[in-house]
K.L.:
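Dumping the structure here so I can ask a few things about it.
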There are 2 protein chains.
Amino acid sequence: MQVLLVKRPSARNEPFADHWALPGGFIDLDRDADLEACAIRKLKEKTNVATPYLEQVGTWGNAERDPRGWSTTTVYFALIAADATALLAGGNATDVKWATVEGNRVRDKLAFDHTELLRAAVNRLRSKVEYTSLPAFLMPNEFTLTELQRVYEITLDRTLEKKAFRTRVLATDLLEEVPRRREGANRPAQLFKLKNRKRTVFFARALQRE
Amino acid sequence: MQVLLVKRPSARNEPFADHWALPGGFIDLDRDADLEACAIRKLKEKTNVATPYLEQVGTWGNAERDPRGWSTTTVYFALIAADATALLAGGNATDVKWATVEGNRVRDKLAFDHTELLRAAVNRLRSKVEYTSLPAFLMPNEFTLTELQRVYEITLDRTLEKKAFRTRVLATDLLEEVPRRREGANRPAQLFKLKNRKRTVFFARALQRE
DNA sequence: AGAATAGTGTCTCTAAGACAGTATGAT
DNA sequence: ATCATACTGTCTTAGAGACACTATTCT
């Protein structure tokens with residue numbers, strides 16, 4: 001699991017110059033119809049990707065988070081499949097990268113309170129993965145059940161029991177078999193695709209905690 | 001279930017003059033340490049109550065929601081026990097009242113996009129009531145299991161099965177018996193109090209949907 | 001005794017977890 | 001045949017739901 005970071009400009013008067021930060025920026029009152037449109041625009045400027053999933057995490061506002069004074073930030077997270085990530089640098093950011101999420105943080109020291117914002121976003125994602133199909137938004141077009149389970153395991157940072165996982169997923173109408181198999185040095189695996197690339201499926205029960 | 005409303009001032013230049021609205025206002029950069037402090041302050045101005053539970057629902061921002069132009073509002077909901085509500089009028093609001101929530105709205109036509117904000121808050125509350133002890137924050141100091149169940153039923157707007165409800169609640173360490181009973185024209189009921197008036201208990205499973 | 005509400009016994013059902021077993025491909 | 005991974009059978013367990021039953025107070 002990785003998170004997109006952008007490098008802050010190095011100009012002396014910029015707060016947290018040269019630090020890595022979550023991608024973001026100010027609302028453009030003329031171009032942004034609403035907050036979500038602003039988030040989509042900012043993301044597209046960095047990745048050129050139309051995200052299949054975007055969720056508002058919350059809003060942080062206080063006097064300390066930005067040295068320039070009282071400010072608020074509304075945090076969204078997007079889920080982007082690994083095969084759809086062509087990065088673009090430019091704009092106010094001198095560099096862009098994907099950073100691996102370890103636990104619920106990243107090795108780099110982030111600008112502002114972004115470590116806290118990332119932590120909240122990862123926690124939100126994790127808790128929803130317990131009872132939804134959110135990881136499906138991270139899959140390429142066709143994938144095997146084992147691959148989907150692996151993505152669940154990566155986002156949750158723990159292993160899942162294979163039979164229970166498969167029964168659970170196949171009991172919903174999330175997936176659809178495609179008449180192809182993933183070949184390897186072993187028994188080939190059935191390939192699946194999402195029945196609906198927009199819809200989130202909610203499971204009846206959450207996975208067992210811990 | 002009721003929601004606190006305040007009446008907008010009647011001055012001609014005020015948007016939505018004389019309409020009922022959710023209580024709120026602008027951040028005071030000098031007095032409000034952060035967004036939550038602002039919410040607590042605004043609530044206290046109207047009810048003079050320190051809320052036992054406050055949760056951020058989300059942030060709405062666009063150019064249309066306020067005729068004065070682009071604006072954002074961060075919505076919080078508080079849960080306040082019915083026995084702790086001494087209302088105060090004053091400030092910018094000429095009147096204050098509790099309005100009954102029917103479905104996920106209120107009979108009055110609300111100012112701005114507050115009907116939508118209320119809908120979102122009620123939906124958030126409902127969905128969390130399915131798997132948490134949030135309604136416990138709406139209870140007076142001592143209460144019976146039947147009374148707690150009734151509050152669950154009111155917030156969820158559906159009946160629950162008595163035995164399942166009691167088993168579920170008593171299986172956690174949410175409650176503590178007190179050596180008193182609620183007397184009536186029938187068998188007296190055991191009284192309980194919360195073991196911890198701050199903590200939210202999360203149940204292993206959500207209640208069955210519908 | 002009867003009404004009313006409190007509280008329990010117990011069966012069913014669903015879905016998660018555990019884990020051993022079988023299946024099917026490549027080498 | 002062996003290895004590796006895919007996939008299944010089946011038992012256990014937790015907890016929700018249904019619903020009839022018993023318990024305890026008042027009038």
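Naming convention: chains lettered A, B, ... in sequence-line order (proteins, then strands); numbering from 1 in each chain.
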K.L.:
Take A:F143 and A:L194, measure what side chain to side chain contact (heavy atoms under 4.5 Å, CB included) needs, and give me the verdict at the end.
P.N.:
CA-CA 9 Å; A:F143 51 87; A:L194 292 176; 4.2 Å; yes
K.L.:
What's the closest nucleotide to the A:A164 side chain, out of C:dG17, D:dG17, D:dA6?
P.N.:
C:dG17
K.L.:
Which whole-number value in Å describes the distance from A:F165 CZ to D:dT8 P?
P.N.:
14 Å
K.L.:
Can you check the B:L170 CG to D:dG15 P distance for me, whole Å?
P.N.:
13 Å
K.L.:
With a 3.5 Å cut-off and just heavy-atom distances, do the side chain of B:R205 and the base of D:dA14 make a donor-acceptor pair?
P.N.:
yes
K.L.:
Which nucleotide sits closest to the side chain of A:R166: C:dG7, D:dA6, C:dG17?
P.N.:
D:dA6
K.L.:
Can you tell me how far P of C:dA6 sits from CD of B:E147, to the nearest Å?
P.N.:
8 Å
K.L.:
In whole angstrom, what separates A:N186's CG from D:dA4's P?
P.N.:
10 Å
K.L.:
Just to be sure I understand the rule, does B:R181 reach a base, reach only the sugar-phosphate, or reach nothing, if contact means heavy atoms closer than 4.0 Å?
P.N.:
sugar-phosphate
K.L.:
Whole-Å distance between C:dA23 P and A:E183 CD?
P.N.:
20 Å
K.L.:
Take the angle between the ring planes of B:H114 and B:F112 and call it parallel below 30°, perpendicular above 60°, tilted in between.
P.N.:
tilted
K.L.:
Calculate the interatomic distance between A:Q190 atom CD and D:dC7 atom P; express it in whole Å.
P.N.:
7 Å
K.L.:
Relative to the 5' end of DNA chain C, which residue comes earlier, A:G184 or A:A171, by the nucleotide with the nearest heavy atom?
P.N.:
A:A171
K.L.:
Using a heavy-atom cut-off of under 4.0 Å over every strand shown, decide if A:T146 touches base, sugar-phosphate, or nothing.
P.N.:
sugar-phosphate
K.L.:
Contact class for A:A185 (heavy atom, under 4.0 Å): base, sugar-phosphate, or nothing?
P.N.:
base
K.L.:
Could you tell me the separation between the CD atom of A:E161 and the P atom of C:dA20, rounded to a whole number of Å?
P.N.:
11 Å
K.L.:
Taking the minimum atom-to-atom distance to the side chain of B:K162, which one of C:dT8, C:dA4, C:dG17 wins?
P.N.:
C:dT8
K.L.:
What contact category does A:T144 fall into here, base, sugar-phosphate, or nothing, at under 4.0 angstrom with non-hydrogen atoms?
P.N.:
nothing
K.L.:
Which pair of non-hydrogen atoms, one from A:K42 and one from A:F26, has the smallest distance, and what is that distance?
P.N.:
CE-O, 4.0 Å
K.L.:
From CD of A:E177 over to C1' of D:dA6, roughly how many Å is that when rounded to an integer?
P.N.:
13 Å
K.L.:
Any luck finding a side-chain donor-acceptor pair between A:S71 and A:R65 under 3.5 Å?
P.N.:
yes
K.L.:
Does a donor on one side chain and an acceptor on the other come within less than 3.5 Å for B:T74 and B:T59?
P.N.:
yes
K.L.:
Nearest to the A:R168 side chain among C:dA16, C:dA6, C:dA18, which nucleotide is it?
P.N.:
C:dA16
K.L.:
Looking at C:dG9, does its base get a donor-acceptor pair with the side chain of B:K163 below 3.5 Å?
P.N.:
yes
